[in-house]
Amino acid sequence: MIEMMRAQGDSMDFDLDEAIPILERTPAVLSTLLDELPEDWTRVNEGADTWSPREVIGHLIHGERTDWIPRARIILKQDRYRRFDPFDRFAELESDRSLKDRLEEFDQLRSGNVATLRGWNLKERDLALTGEHPELGTVTMRQLLATWVVHDLSHIAQITRTMARAYTSAVGPWTAYFRVLQRDVRQ
């Protein structure tokens with residue numbers, strides 16, 4: 001029955017033990033995809049106000065330092081003041097460091113953050129604890145951690161979409177067969 005429900009597009013309930021493997025694999029997925037590619041692939045974007053794969057890696061690094069685990073710590077403390085610091089989505093997009101160095105840094109930061117997450121041994125009651133997002137209001141630990149997973153998957157999709165769209169003209173008439181190349185189609 002569960003397989004049939006999932007095949008129809010129904011959502012999954014958040015399960016930390018099922019979420020952690022996504023968080024653990026993201027650095028390897030991105031390294032495998034991007035490391036040692038010609039620079040044109042890693043610097044391509046979709047136009048004004050969009051990010052290249054290289055810039056996405058900078059954004060992910062910044063998130064590892066300032067977003068997920070720091071916000072989870074605020075929730076776990078349950079102090080009277082539980083408001084998260086605003087997250088600067090545009091910090092660390094640019095860097096003179098090599099992409100290889102940035103991928104390695106992301107891997108190291110993520111490994112440490114996942115180890116921290118595992119070390120907390122969170123229970124159901126911990127996942128129900130709340131913090132205050134500066135724009136969204138009250139959020140739970142469960143929602144924060146689920147968002148971390150979706151954030152990873154979303155940026156993997158963004159990177160592959162951006163790279164695919166770099167060849168929109170090159171594929172010629174086959175463009176009609178690829179939703180990813182049709183900019184008027186919602187992904």
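Residue indices begin at 1 and follow the sequence shown. None of these values were measured; they are calculated from a predicted model.
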Inset, instruction - Could you tell me whether the side chain of L37 reaches within less than 4.5 Å of the side chain of M163, counting heavy atoms only? - result: yes
Inset, instruction - Report yes or no: do L103 and W51 belong to one cluster of Ile/Leu/Val/Met/Phe/Trp/Tyr joined by side chain heavy-atom distances under 4.5 Å? - result: yes
Legend entry - Pairing of R102 and E92 as salt bridge, 4.0 angstrom limit: no
Inset, instruction - Report the distance from atom CG of D17 to atom CG of L122, rounding to the nearest 0.5 Å. - result: 10.0 Å
Inset, instruction - Using atom types as modelled and distance alone, determine if a side-chain donor or acceptor of T162 lies under 3.5 Å from a backbone N or O of E46. - result: no
Legend entry - By side chain to side chain contact (heavy atoms under 4.5 Å, CB included) - contacts of A146 (at least two apart): F14
Legend entry - Criterion side-chain contact (heavy atoms from CB on, under 4.5 Å) on Q143 and L136, from CA distance to verdict: CA-CA 12 Å; Q143 291 168 331; L136 305 174; over 6 Å; no
Legend entry - Contact check, side chains of L144 and W68, non-hydrogen atoms, under 4.5 Å: yes
Legend entry - Side chains of L30 and V56 in contact at under 4.5 Å (non-hydrogen atoms): no
Inset, instruction - Can you see which heavy atom on R73 is nearest to which on T116, and at what distance? - result: NH2-CG2, 3.8 Å
Legend entry - side chain to side chain contact (heavy atoms under 4.5 Å, CB included) partners for R43, two or more places apart: E39, R54
Inset, instruction - Kindly say whether E64 contributes a backbone atom to a donor-acceptor pair with the side chain of N113 at under 3.5 angstrom? - result: yes
Inset, instruction - Find the distance between CD (E104) and CG (D35) and round it off to the nearest 0.5 Å. - result: 7.5 Å
Legend entry - Atom pair CZ/CG of R89 and D67 - distance to nearest 0.5 Å: 11.5 Å
Legend entry - Side-chain (E55) to main-chain (E94) donor-acceptor, under 3.5 angstrom: no
Inset, instruction - Give the minimum heavy-atom separation between A164 and V180, together with the two atoms involved. - result: CB-CG1, 4.0 Å
Inset, instruction - Taking T160 for its side chain and A157 for its backbone only, find out whether a donor-acceptor pair lies under 3.5 Å. - result: yes
Inset, instruction - Write out all pairs satisfying salt bridge (Lys or Arg N to Asp or Glu O under 4.0 Å) with one or both partners inside residues 123-136, taking only residues at least two apart or from two chains. - result: E124-R142
Legend entry - Whether F84 and H133 hold their rings parallel, tilted or perpendicular, with breakpoints at 30° and 60°: perpendicular
Legend entry - Centroid-centroid distance, H59 to F87, less than 6.0 Å: yes
Inset, instruction - Consider only side-chain heavy atoms of I, L, V, M, F, W and Y, link residues closer than 4.5 Å, and tell whether L99 and W41 are in one cluster. - result: yes
Inset, instruction - Look only at the side chain of D79 and the backbone of Y81, and say whether a donor-acceptor pair between them is shorter than 3.5 Å. - result: no
Inset, instruction - Treat each ILVMFWY residue as a node, draw an edge where side-chain heavy atoms are under 4.5 Å apart, and state whether L153 and L34 are in one component. - result: no
Inset, instruction - Could you tell me whether the side chain of R83 and the main chain of P134 form a donor-acceptor pair under 3.5 Å? - result: yes
Inset, instruction - Identify whether I61 and W148 are in the same connected component of the hydrophobic contact network (ILVMFWY, side-chain heavy atoms under 4.5 Å). - result: no
Inset, instruction - For residues T26 and F106, determine if any side-chain heavy atom of one lies less than 4.5 Å from a side-chain heavy atom of the other. - result: yes
Legend entry - Same cluster (ILVMFWY, side-chain, under 4.5 Å), I75 and V149: yes
Inset, instruction - Tell me, with the steps shown, if L117 and L145 meet side-chain contact (heavy atoms from CB on, under 4.5 Å). - result: CA-CA 10 Å; L117 180 61; L145 298 177; 4.0 Å; yes
Inset, instruction - State, yes or no, whether a side-chain contact exists between L16 and I20 at a heavy-atom distance under 4.5 Å. - result: yes
Inset, instruction - Could you tell me the separation between the CG atom of L181 and the OH atom of Y167, rounded to the nearest 0.5 Å? - result: 12.5 Å
Inset, instruction - State, with a plain yes or no, whether a side-chain heavy atom of M141 is found less than 4.5 Å away from one of L76. - result: yes
Inset, instruction - Could you grab the distance from atom CD1 of I22 to atom CD1 of I156, nearest 0.5 Å is fine? - result: 7.5 Å
Inset, instruction - Identify the heavy atoms of L23 and R110 that sit nearest to each other, and give their distance. - result: O-NH1, 2.8 Å
Inset, instruction - Please check if the side chain of Q78 supplies one atom and the backbone of T130 the other of a donor-acceptor pair under 3.5 Å. - result: yes
Legend entry - Rounded distance [0.5 Å steps], CG in D96 versus CG in D101: 11.5 Å
Inset, instruction - Check the surroundings of atom CZ in R25: do more than 12 heavy atoms from other residues, nucleotides or ligands lie under 6.0 Å from it? - result: no
